[in-house]
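What follows is a short report on a single structure.
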Amino acid sequence: MKASLAHTLVFLPSLISAYTWPNPQLDELETQRYDRNGYNARKMTASVQPCSRFDFGVSGGRSNAADWIRTVYHDMATFDAAAGTGGIDGSIRLERDRPENVGDAFANTLNVISVEANRYVSLADEVVLAALIAVEECGGPKLDFKGGRVDATEPNNVGVPQPQDTLESHISAFARQGFSQEEMISLVACGHTFGGVQHVSFPDIVPPSNDPTNTPGQVLFDSTGTQFDNKIVTEYLDGSTKSPLVVGTNDTTNSDKRIYASDGNATVTRLSDLNTFTSTCATLFAKMFDSVPKGVQLTDVIEPLPVKPYSMQLLHGNGSTVQLSGQVRFWNTEENPKRVVKLLWADHNGQSCPTCSTVLSHNQNQVSTFTIGNIKSSWYSFMPASAKSKAPSTAVLLDDTQTISKVWFEVDEGDGKVVIQDQNGVGFALQDSRLMLDNSTCLGYPTHVHIGVAVQKGSNPKRVYFKGDTFSEKNGTAPSLNAIPITKTIEIPKPSGSSAISQGNYDIWSLTLSTSDWTNGPFNVAADFDDGTVETPYMTNYQYPSCVGTLAAPPDPSGSKPTDAHHSGASVGFNFVHFLISAVGIIILSFVFAL
Ligand code: HEM
Ligand SMILES: *[C@@H]1O[C@H](CO)[C@@H](O)[C@H](O)[C@H]1NC(C)=O
Ligand SMILES: *[C@@H]1O[C@H](CO)[C@@H](O)[C@H](O)[C@H]1NC(C)=O
Ligand SMILES: *[C@@H]1O[C@H](CO)[C@@H](O)[C@H](O)[C@H]1NC(C)=O
Ligand SMILES: *[C@@H]1O[C@H](CO)[C@@H](O)[C@H](O)[C@H]1NC(C)=O
Ligand SMILES: *[C@@H]1O[C@H](CO)[C@@H](O)[C@H](O)[C@H]1NC(C)=O
């Protein structure tokens, strides 16, 4: 055997634009914006696949995608930029019965998006995300997305332009919304590259249809009603357009005709160049998305985190053990069957140790994709053993007197280089070990939920409480179309007397909730200490064991594809070239280990 083995340890500084993990709000916004297809994907994207998909009756050319894009404009159109009122605030849900919001597009959209909203992503953010997903999935450019919109509790003033309004009134409505005449022309074209006008909603503009496949009587604005492209302007300019707002028989309602021609066709002529159309729409969609009331603080543009821990959870159990389970996503990576990924950790004193590492599992199903640029990501797991897939445990199991303060990853591509992913030396900090869920936590649907919390002995919290996400109004078990997400806080009583349970280094506090107190939304637990509040991780996808029968080990957080193929050798692969290129600076340390 060779006498020496060269390892190159590469430390990668984080990207300027990405944030430092963890940040529960940005983590959730990033997930909803980027985890689109495949492993651990969020659901919304599937509703525009294919882009012609329509879930609410006979389509006739109607699509979910077009409804979502119309919805964001109608939520924004109440904006008064100078006064800082109206704008994107989810108030469209309370404005559906107005003549300016005729049709079921808004109810249809709310039906799909309300369930995705939670304490970190408002309904207003979902209104924007839906439109963004429709554009990006259906041929459009990548759009800038910021989060942090706040849901209104009251409807706004009226303000959506209607087809019978005059050109002057349209120019002044868009000016109120903060858009110039040129921007108005462009934004209308960018929106109306999707969808059309239906007889059911506008009987005076579009005639009824005898076609059983088009009972809504939909007539498209351009020949590609579910694709982002500039046919909306090229067909207008070459005279082939059939748009009911351009060549409608009643000229009073030909609003797009008046708008496009309002500067002598100068703007639409520029937009007949596809690149100009695309970049103009990207700018104006982003401007529309950011039209929010005064006082709302939006986040930075959400960029993908290159290395993202996911569903990281410490769980106390077995009397005196702590189990760390979770996953990690490597953004923009190709599969590499030779790759070995290790999780390493340091204890509460920041000390690492020779045995403080575990090799993560991965299989070919653990790949996700992002549409723009066809970016692939690989996921690696550290999970408890799965009875279903017979996969052995790759979770970290410690004695509960030891605690993990932070983790990082070592990625060996099998080419002699080991890349350290530690957020520029900071590591990926875990929750404060004073508080974690206990393995007695279980779901007893349909009647109850049992929350068990392990509180470190002597940590002396002033208060321990459950925080469960639900909706302001429910319609059966679903959110009502008028609902916004709310978080219910419920006190967990301090254990005393015979109910006091001590296990290892922790006291167990517990609470059994009836399901009428809450719904099956994401939850976590918080505690107030003298030096501040500590929360357990916020996880939207964790599946807790059922309370019926014996308590099972928590299942794979992904809830999907079993982890059969156990790590090395499986067809996995990626390269960190993208990271290397985009990293701000690279420090390369070479170590030679003599054997
Ligand atoms: C003066 C401004 C505007 C007027 C008068 C107008 C008018 C209309 C009308 C009458 C419809 C038919 C709706 C139906 O039949 O259900 C429609 C559909 C639509 N509008 Fe606009 N619109 C305007 C601006 C915009 C803007 C700025 C956007 C987005 C950026 C937009 C996006 C859409 C979309 C995507 C549809 C298709 C909906 C579907 O097919 O279900 N509109 N618009
Ligand atoms: C044209 O549309 C306007 C606005 O909806 C309406 O008032 C008018 O009666 C219509 N004209 C004809 C000829 O239908
Ligand atoms: C704008 O273009 C349309 C469609 O080609 C045409 O009918 C109209 O006359 C043009 N208007 C001007 C002012 O050039
Ligand atoms: C309990 O012990 C089993 C067997 O060692 C282990 O697989 C499991 O992860 C432990 N659970 C917790 C919550 O520590
Ligand atoms: C959960 O912890 C209890 C003791 O608190 C232990 O008896 C049980 O085996 C544990 N179960 C799992 C799955 O870790
Ligand atoms: C409640 O659900 C019914 C049936 O799905 C639906 O028709 C109705 O619009 C919903 N109402 C609200 C306020 O969400």
Side-chain angles (χ1 to χ4, degrees), residues 55-57 90 92-97 99-100 102-115 117 123 161-167 169-170 197 199 201-207 244-245 247-255 257-258 312-326 358 361 381-387 390-404 433 436-442 452-454 471-484 503-506 508 536 542 544-545 550-557:
D55 290 336
F56 302 93
I92 187 68
R93 74 189 191 281
L94 307 172
E95 299 158 356
R96 288 180 290 122
D97 55 3
E100 66 187 34
V102 64
D104 59 7
F106 313 104
N108 294 350
T109 303
L110 291 165
N111 235 301
V112 178
I113 70 171
S114 310
V115 289
L123 183 71
Q162 293 182 257
Q164 69 278 11
D165 299 341
T166 61
L167 176 64
S169 125
H170 286 151
V197 184
H199 171 77
S201 302
F202 292 90
D204 297 335
I205 299 181
V206 169
L245 298 185
V247 295
T249 49
N250 184 342
D251 219 30
T252 308
T253 49
N254 280 332
S255 51
K257 175 180 164 185
R258 287 190 290 276
M312 295 275 270
Q313 166 129 298
L314 292 171
L315 191 66
H316 189 265
N318 294 337
S320 61
T321 59
V322 171
Q323 169 199 279
L324 171 66
S325 63
T358 185
S361 65
S381 305
F382 34 109
M383 300 282 206
S386 160
K390 300 185 185 67
S393 174
T394 49
V396 176
L397 203 56
L398 301 173
D399 183 88
D400 78 355
T401 55
Q402 305 164 278
T403 50
I404 299 179
S433 54
M436 63 185 80
L437 281 177
D438 180 68
N439 81 345
S440 57
T441 298
C442 61
V453 192
F471 295 96
S472 59
E473 282 180 34
K474 279 184 270 177
N475 190 357
T477 54
S480 125
L481 296 176
N482 299 329
I484 52 175
Q503 287 193 358
N505 201 28
Y506 287 78
I508 310 302
T536 63
Y542 199 86
Y544 294 89
T550 49
L551 296 183
D556 293 353

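Residue numbers run from 1 in the order of the sequence given. When a ligand or atom number is given, it counts from 1 through the structure's own listing order.
- Considering only heavy atoms from C-beta on, Gln503 stays 4.5 Å or farther from Asp400 through its side chain.
- Side-chain contact between Thr166 and Arg258 is absent, with no heavy atoms from C-beta onward closer than 4.5 Å.
- Val197 is listed as a side-chain neighbour of Leu245, based on a closest heavy-atom distance under 4.5 Å.
- Less than 4.0 angstrom separates some heavy atom of Ser480 from each of these atoms of ligand 6: 13 (C), 14 (O).
- Here the side chains of Asp438 and Tyr506 are not in contact, with every heavy-atom distance at 4.5 Å or above.
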Check ligand 4 against the protein and report each N/O to N/O distance under 3.5 Å, formatted as atom name, atom name, distance.
residue, atom, partner, partner atom, Å
ligand 4, 2 (O), Asn318, ND2, 2.0
ligand 4, 9 (O), Gln323, OE1, 2.5
ligand 4, 11 (N), Asn318, ND2, 3.2
ligand 4, 14 (O), Thr321, OG1, 2.6

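- In this structure, the side chains of Gln323 and Asn318 stay at 4.5 Å or more apart for every pair of heavy atoms.
- Side-chain contact between Leu324 and Leu314 is present, with at least one heavy-atom pair separated by less than 4.5 Å.
- Of all the heavy atoms of Leu481, the ones lying under 4.0 Å from any atom of ligand 6 are found in both the backbone and the side chain.
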Under the criterion side chain to side chain contact (heavy atoms under 4.5 Å, CB included), I'd like the reasoning laid out for Thr253 against Phe202: C-alpha separation, chi angles, the key distance, then a yes or no. CA-CA 10 Å; Thr253 49; Phe202 292 90; over 6 Å; no

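- Two residues are said to be in side-chain contact when any heavy atoms from C-beta on lie closer than 4.5 Å; Leu110 and Leu123 meet this criterion.
- Ligand 2 has an N or O atom lying under 3.5 Å from an N or O atom of Asn250, backbone or side chain.
- On a distance-only criterion, Asn475 and ligand 6 share at least one N/O pair closer than 3.5 Å.
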